[in-house]
Amino acid sequence: MAGALLKQSVGTFRVSYPGESQSVSTFIKAPQPLDAEYFRTRLLGWFDQYGRTHLPWQQDRSPYRVWVSEIMLQQTQVTTVISYFERFMQRFPDVETLAAAEQDEVLHLWTGLGYYARARNLHRAAQCVVSEHDGVFPVESVTALSALPGIGRSTAGAIIAQATGQRAPILDGNVKRVLTRLHGVEGWPGKPEVEKRLWQLAEHYTPQWRCADFTQAMMDMGATLCTRRRPSCLLCPFEADCVAHARGEEHRFPASKPKKEKPVRQTLMLMLRDGNGHVLLEQRPSSGLWGGLWGMPQFDDHEALRAWLAREMPGSIVGEQWPCFTHVFTHFRLEITPVQAHLSRRGGHPAVSGRRWYDPDQPDSIGLAAPVKALLESLSSSSLL
DNA sequence: AAAGCGTGGGC
DNA sequence: TGCCCAAGCTT
């Protein structure tokens, strides 16, 4: 209850009374945080009853398993991650196995999960842990962990808290939602000054003891109770303390990202097949969209496509054009027009590094972007050849 | 500092 | 359907 708060945060009591919220409106713009001990006690009490304890990465906890799960969970929902995590652990049970693998196979297990830089960084980090840290994760500090590719401040905190129980704050989307509502923090949390304030609050509340449970509890609150839409405020242990709830403005927090116009990009995707029905794939540059994955050669226009074919694959014949389909990304809309072509001769293709002939009926273990994978699957059952 | 990076889900 | 967002990090 509010009565457990410290004296210096006495002003926050008033926001529990909606009728008076107007008269204290200047005050509640920047309320004091709750007493940390009060907050932890209530949160952990809630967690003991309602927290999640049966997620795959919560069993058999090790820095390695926690690390892989945290990377997969970046900007990705729990229900999506679970099956990927299980497959990944089966194939790469420890950091040595992962470090020794080919990047292609790592990307293969990442296919469909998105943000493929995560997989490339994960692979590099595994090799770094093995070669530079003797196979032991540097969980002694946020700084040491953050030095590994793909691990930022929040992920480092999560790994330390979950794998060792040591005190380390986190600040992910769930925690941001809980904290912005609890304190009525205005502004988009992606803005540096807002994020700075949220880190201060996270630092304030994070305890020395039961830190694994505490950080998990914050995420569980955000994921199951303090949800983006229709939060279950009546079940929340901080109903009486929450600034947003007192104002009846839960939906306003966190403020949404300023939106920008989505550009439309168009591209041609060459589906070149040889006499065996195999499809030509190229490895994409290691940075940028679908970096490091395999895909069909891409062109801006037909002229570029024809010129490339004449130069690289003499004897090929351009066939029909498939209907354009659209893939919507976060920041742009990609209109893809598949163009079919085939080689008139049989066999005898020179092996070129970065290129391969892919049999849609017997897929290799390589990384494919979701739309490319879908196209290849449609080829395997079609009779277009 | 701000943009780039995927995909699937919810409404 | 279109839009917003999800256990963020890198450049």
Side-chain angles (χ1 to χ4, degrees), chain A residues 52 55-58 66-85 107 110-122 124-125 142 145-159 161-162 168-178 188-196 198-199 202 212 215-224 226-230 251 253-265 284-293 295 326-334 367-374:
Chain A
R52 293 178 291 187
L55 298 171
W57 42 89
Q58 293 178 312
V66 171
W67 169 55
V68 172
S69 75
E70 290 298 335
I71 300 299
M72 286 188 171
L73 285 161
Q74 287 169 1
Q75 301 286 281
T76 310
Q77 304 196 79
V78 167
T79 52
T80 303
V81 164
I82 289 177
S83 63
Y84 282 87
F85 179 80
L107 287 172
W110 214 270
T111 284
L113 202 50
Y115 284 142
Y116 298 95
R118 295 183 295 173
R120 301 193 307 271
N121 287 333
L122 195 76
R124 273 205 299 149
V142 168
L145 270 183
S146 304
L148 293 169
I151 300 181
R153 183 174 174 183
S154 186
T155 298
I159 294 171
Q162 293 303 317
I170 63 168
L171 188 62
D172 66 352
N174 288 311
V175 179
K176 284 176 177 173
R177 190 163 51 250
V178 171
W188 176 53
K191 272 183 81 154
E193 70 228 50
V194 179
E195 188 162 51
K196 185 180 171 191
L198 294 174
W199 270 115
T215 56
Q216 186 63 48
M218 288 295 283
M219 293 189 282
D220 288 356
M221 284 265 300
T224 69
C226 196
T227 50
R228 189 162 67 87
R229 279 177 307 238
R230 298 169 45 95
H251 62 281
F253 299 92
S256 61
K257 177 181 179 169
K259 61 176 151 191
K260 283 181 183 164
E261 215 171 309
K262 241 182 223 177
V264 177
R265 305 183 198 169
R284 301 174 61 90
S286 61
S287 65
L289 186 71
W290 300 333
L293 301 187
T326 298
H327 202 74
V328 181
F329 292 87
T330 308
H331 298 292
F332 62 95
R333 174 187 307 270
L334 188 61
L368 298 173
V372 173
K373 191 182 177 190

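Protein chains get the first letters and strands the later ones, always in sequence-line order, with residue 1 at the start of each. Quick note: numbers below take in every heavy atom, side chains included, and nothing from hydrogens, waters or symmetry partners.
Contact annotation for Trp57(A): base contact, defined as any heavy-atom pair under 4.0 Å involving a base atom. As judged by a 4.0 angstrom heavy-atom cut-off over every strand, Ile159(A) is placed among residues making no nucleic acid contact. Within the 4.0 angstrom heavy-atom criterion, no nucleotide atom of any strand lies near Lys191(A). Counting any heavy atom pair closer than 4.0 Å across all strands shown, Val78(A) reaches a base atom. Heavy atoms of Ser287(A) sit nowhere under 4.0 angstrom from any nucleic acid atom.
Met72(A) is listed as a side-chain neighbour of Trp110(A), based on a closest heavy-atom distance under 4.5 Å. Side-chain contact between Arg120(A) and Leu107(A): present, with at least one pair of heavy atoms (C-beta onward) separated by less than 4.5 Å. Counting heavy atoms from C-beta outward, Ser69(A) and Val81(A) have side chains that stay 4.5 Å or more apart. In this structure, the side chains of Trp188(A) and Val194(A) stay at 4.5 Å or more apart for every pair of heavy atoms. Contact of the Asp172(A) side chain with the Val175(A) side chain is registered, since non-hydrogen atoms from C-beta on lie closer than 4.5 Å.
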| task | Spell out protein contact along nucleotides 6-11 of chain B as letters: B when the base is contacted, S when just the sugar-phosphate is, - when no protein heavy atom is under 4.0 Å; keep the 5' to 3' order. | result | BBBSSS
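Judged as a side-chain contact (heavy atoms from CB on, under 4.5 Å), and not counting sequence neighbours, the contacts of Gln75(A) are Tyr115(A). Taking the side-chain hydrogen bond (donor to acceptor under 3.5 Å, both in side chains) definition, one finds that Ser154(A) meets it with nothing, sequence neighbours left out.
Distances shorter than 4.0 Å separate none of the side-chain N or O atoms of Lys257(A) from OP1 or OP2 on dC5(C).
Distance Trp188(A) CH2 to dG8(C) C1': 11 Å, rounded to the nearest Å. What separates CZ of Arg333(A) from C1' of dC4(C) is a distance of 14 Å, to the nearest Å. Separating the CD atom of Gln58(A) from the C1' atom of dA7(C) is a distance of 12 Å, rounded to the nearest angstrom. The nearest whole Å value for the distance from the CD atom in Glu195(A) to the C1' atom in dG8(C) is 9 Å. Atom CG in Asn121(A) sits about 12 Å away from atom C1' in dC5(B), given to the nearest Å. Atom CG of Leu171(A) and atom P of dA6(C) are 12 Å apart (whole Å). For the pair Arg177(A) CZ and dA7(C) C1', the computed distance is 10 Å after rounding to whole Å. Rounding to whole angstrom units, CZ of residue Phe332(A) and P of dA3(B) are separated by 15 Å.
Between the side chain of Arg52(A) and the base of dA7(C), a donor-acceptor pair under 3.5 Å is found.
For Pro192(A), the listed nucleotide lying nearest its side chain is dA1(B); candidates were dA7(C), dG4(B), dA1(B).
Spacing between dA7(C) and dC11(B) at atom P, rounded to whole Å, works out to 15 Å. Nucleotides dG6(B) and dA6(C) place their C1' atoms 12 Å apart, quoted to the nearest Å. Nucleotides dA1(B) and dC9(C) are separated by 15 Å at their C1' atoms, to the nearest Å. Using P as the reference atom, dT1(C) and dG8(B) are 15 Å apart when rounded to the nearest Å.
When the nearest nucleotides of DNA chain C are assigned to Asp172(A) and Gly150(A) by heavy-atom distance, the more 5′-ward of the two goes with Asp172(A).
Between the side chains of Asn121(A) and Arg118(A), no donor N or O sits under 3.5 Å from an acceptor N or O.
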